[in-house]
Amino acid sequence: MDKIILTGDRPTGRLHVGHYVGSLRRRVELQNSGEYSKIFIMIADAQALTDNLENPEKVRQNIVEVALDYLSCGLDPTKSILFIQSQIPELTELTFYYMNLVTVSRLQRNPTVKNEIQMRNFEASIPVGFFTYPISQASDITAFKATTVPVGEDQLPMIEQAREIVHKFNTIYAPVLVEPTALIPQNAACLRLPGVDGKAKMSKSLGNCIYLADTPETVKKQIMSMYTDPEHLQVSDPGHLEGNTVFTYLDAFCRDEHFERYLPEYACLQELKEHYTRGGLGDVKVKKLLNNIIQEELEPIRKRRKEYEKDIPEIYNILKKGSEAAREVAAQTLSEVKSAMRINYFEDMDLIREQAERFGSSVQGEN
Ligand code: ATP
Ligand code: MG
């Protein structure tokens with residue numbers, strides 16, 4: 001079976017380093033591995049509207065920001081199809097049919113949705129669209145017959161929901177849909193990168209981010225003010241690694257070669273950690289190392305972004321072409337779904353013939 005990728009992001013802000021380590025970096029590697037026959041990268045504007053209904057302008061403005069982030073990280077429109085969710089009406093149609101396959105209580109059990117409802121103060125009154133977004137996400141995945149969905153850990157319940165929908169659909173109707181598999185980062189720190197405040201995960205909606213497009217000065221400021229170990233007051237005090245955001249970020253970004261360049265007195269991160277927990281290593285030194293590493297990683301991304309920013313109409317052109325290509329694929333799947341569900345009346349000559357016989361009328365072209 002062909003290996004196909006579908007993944008995406010909500011245009012609710014620029015992309016941040018959490019997206020980068022959680023999914024984006026991997027996508028580029030997978031794209032360049034040549035192992036996948038098709039790669040679909042979706043800007044999920046319709047999903048973003050489910051909790052930004054009063055702020056359509058925010059969603060509209062961020063489409064191009066997300067596309068610029070994609071291109072500057074190395075997603076290549078000649079290898080990956082970059083498209084906008086709302087431009088593929090077939091996705092909405094699939095969602096409508098999949099809704100019959102899911103119960104309200106099943107949606108209520110989704111831990112990510114539960115958490116997001118709380119974060120958005122939706123407890124008293126949840127928009128139906130938001131509540132059902134896992135179903136819409138199943139449509140996004142299955143419309144492209146994706147086998148592989150590279151995402152952060154918070155998306156695992158969505159993939160599980162999609163698999164259940166596929167299983168149920170294929171059992172009831174016909175084996176049209178493909179069960180997707182989530183591809184989450186192997187590195188634990190990348191599963192859910194915390195915000196610079198050390199709280200929760202880095203998230204556009206929480207404003208605790210280092211954005212890929214931030215200037216070197218902003219990045220440095222964010223890193224230098226990062227949450228560490230509140231009990232590590234003096235350099236000589238033993239420090240704790242657990243919950244220490246700077247070390248979590250080092251786990252996500254640091255490679256041995258970085259020590260040769262920026263801190264040659266240590267061979268690797270493990271040695272640095274040992275010194276920190278022993279005492280005698282100050283937070284500033286560790287933060288400076290992290291700053292060097294993140295700046296090194298972000299510099300080429302920033303540079304490429306500047307280039308792409310010079311031709312914004314071309315960005316829209318890439319998205320338009322991508323959306324057209326994606327639509328063709330989704331339309332094909334929808335047509336298979338509709339025949340499996342027996343709602344393809346006009347293409348089904350057998351149905352027309354059977355009914356004609358039942359009523360004793362003639363069929364055109366036949367006697
Ligand atoms: P929002 O707050 O609007 O939901 P977000 O920052 O959570 O935005 P999404 O667009 O929802 O970003 O997520 C896009 C992808 O990035 C998903 O695969 C998600 O798992 C991953 N991701 C988002 N934040 C992180 C993070 N802090 N660490 C690792 N992966 C992340
Ligand atoms: Mg999110």
Side-chain angles (χ1 to χ4, degrees), residues 7 9-10 12-27 51 66 69 73 110-121 150-158 182-233 238-255 258 269-270 272-273 276-277 281-298 301:
T7 186
D9 306 270
R10 294 149 41 91
T12 48
R14 289 179 166 189
L15 298 184
H16 52 63
V17 296
H19 297 121
Y20 184 70
V21 298
S23 170
L24 214 43
R25 184 165 63 179
R26 187 81 175 276
R27 285 181 212 174
D51 58 330
V66 171
D69 285 328
C73 283
N110 184 314
T112 303
V113 175
K114 259 192 199 166
N115 184 25
E116 288 175 339
I117 285 173
Q118 219 174 16
M119 260 169 58
R120 288 160 178 75
N121 291 324
V151 282
E153 191 189 31
D154 62 318
Q155 294 302 306
L156 284 179
M158 311 303 159
L183 203 60
I184 58 169
Q186 291 123 334
N187 177 340
C190 302
L191 286 173
R192 186 180 291 252
L193 197 74
V196 287
D197 53 1
K199 281 189 219 131
K201 79 170 180 94
M202 180 175 286
S203 162
K204 287 171 253 148
S205 308
L206 295 175
N208 56 3
C209 306
I210 295 177
Y211 291 99
L212 295 173
D214 275 345
T215 62
E217 296 71 35
T218 309
V219 172
K220 186 166 183 197
K221 220 169 99 194
Q222 294 274 50
I223 292 174
M224 296 318 277
S225 66
M226 225 174 216
Y227 182 84
T228 55
D229 170 12
E231 288 167 34
H232 187 236
L233 299 173
H240 297 93
L241 300 174
E242 203 172 308
N244 189 322
T245 317
V246 179
F247 278 94
T248 309
Y249 279 49
L250 283 173
D251 280 332
F253 283 97
C254 185
R255 298 186 298 273
H258 290 132
L269 185 55
Q270 190 50 33
L272 190 81
K273 284 180 175 173
Y276 190 80
T277 44
L281 174 60
D283 283 337
V284 172
K285 195 166 175 180
V286 186
K287 285 179 172 176
K288 279 188 175 158
L289 169 69
L290 178 64
N291 180 54
N292 281 325
I293 294 172
I294 294 201
Q295 299 287 2
E296 179 186 315
E297 193 89 21
L298 295 187
I301 298 176

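Position 1 is the first residue of the sequence, and the numbers go up from there.
- Using a 4.5 Å heavy-atom threshold, the side chains of Tyr20 and Leu15 count as separate.
- Contact of the Arg255 side chain with the Ile293 side chain is not registered, since no non-hydrogen atoms from C-beta on lie closer than 4.5 Å.
- Using a 4.5 Å heavy-atom cutoff, the side chains of Leu298 and Asp214 are not in contact.
- Atom-to-atom distance recorded for His258:NE2 and Asn292:CG is 9.5 Å, nearest 0.5 angstrom.
- The CG atom of Leu212 lies 5.5 Å from the CD1 atom of Ile301; values are rounded to the nearest 0.5 Å.
- Taken to the nearest 0.5 Å, the NZ atom of Lys201 stands 7.5 Å off from the CZ atom of Arg192.
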Next on the checklist: Evaluate Asn291 against Val219 for side-chain contact (heavy atoms from CB on, under 4.5 Å), listing each step before the verdict.
Outcome noted: CA-CA 8 Å; Asn291 180 54; Val219 172; 4.3 Å; yes
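- A 4.5 Å side-chain heavy-atom check between Leu206 and Asp197 finds every atom pair outside the cut-off.
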Worksheet entry | Derivation and outcome, side-chain contact (heavy atoms from CB on, under 4.5 Å), residues Leu289 and Leu272 | CA-CA 11 Å; Leu289 169 69; Leu272 190 81; 3.8 Å; yes
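- Taking the six-membered ring where the residue is Trp, His16 and His19 present parallel rings, their angle staying beneath 30° rather than reaching 60°.
- To the nearest 0.5 angstrom, Lys221 atom NZ is 6.5 Å from Thr218 atom OG1.
- Between Glu116 and Thr112 there is a side-chain heavy-atom pair separated by less than 4.5 Å.
- For the atom pair Leu290 CG and Ile210 CD1, the distance stands at 7.0 Å (nearest 0.5 Å).
- Of all heavy-atom pairs between Pro157 and Asp154, the closest is CD-O, 3.4 Å.
- The distance from the CG atom of Asp51 to the CE atom of Met119 is 8.5 Å, given to the nearest 0.5 Å.
- Without hydrogens or angle criteria, Gln222 side chain to Cys209 main chain gives a donor-acceptor distance under 3.5 Å.
- Aromatic ring centres of His232 and Tyr276 lie closer together than 6.0 Å.
- In plain terms, the two heavy atoms of Pro194 and Thr248 that are nearest each other are CD-CG2, 3.7 Å.
- In terms of heavy atoms, Val21 sits closest to Cys190 at O-CB, 3.5 Å.
- Asp251 and Leu269 get closest at one heavy-atom pair: OD1-CD2, 3.3 Å.
- At distances below 3.5 Å, not a single donor-acceptor pair connects side-chain atoms of Asp69 with backbone N or O atoms of Arg14.
- A 4.5 Å side-chain heavy-atom check between Ile184 and Gln155 finds every atom pair outside the cut-off.
- The closest donor-acceptor contact from the side chain of Gln295 to the backbone of Pro216 lies under 3.5 Å.
- Ile223 has its side chain out of reach of Lys288: every pair of non-hydrogen atoms, C-beta onward, lies at least 4.5 Å apart.
- Among all heavy-atom pairs drawn from Val66 and Gly13, the shortest one is CG2-O, 3.6 Å.
- The side-chain heavy atoms of Val151 and Leu183, taken from C-beta on, include no pair separated by under 4.5 Å.
- Closest approach of Lys287 and Met226 over heavy atoms only: NZ-O, 3.0 Å.
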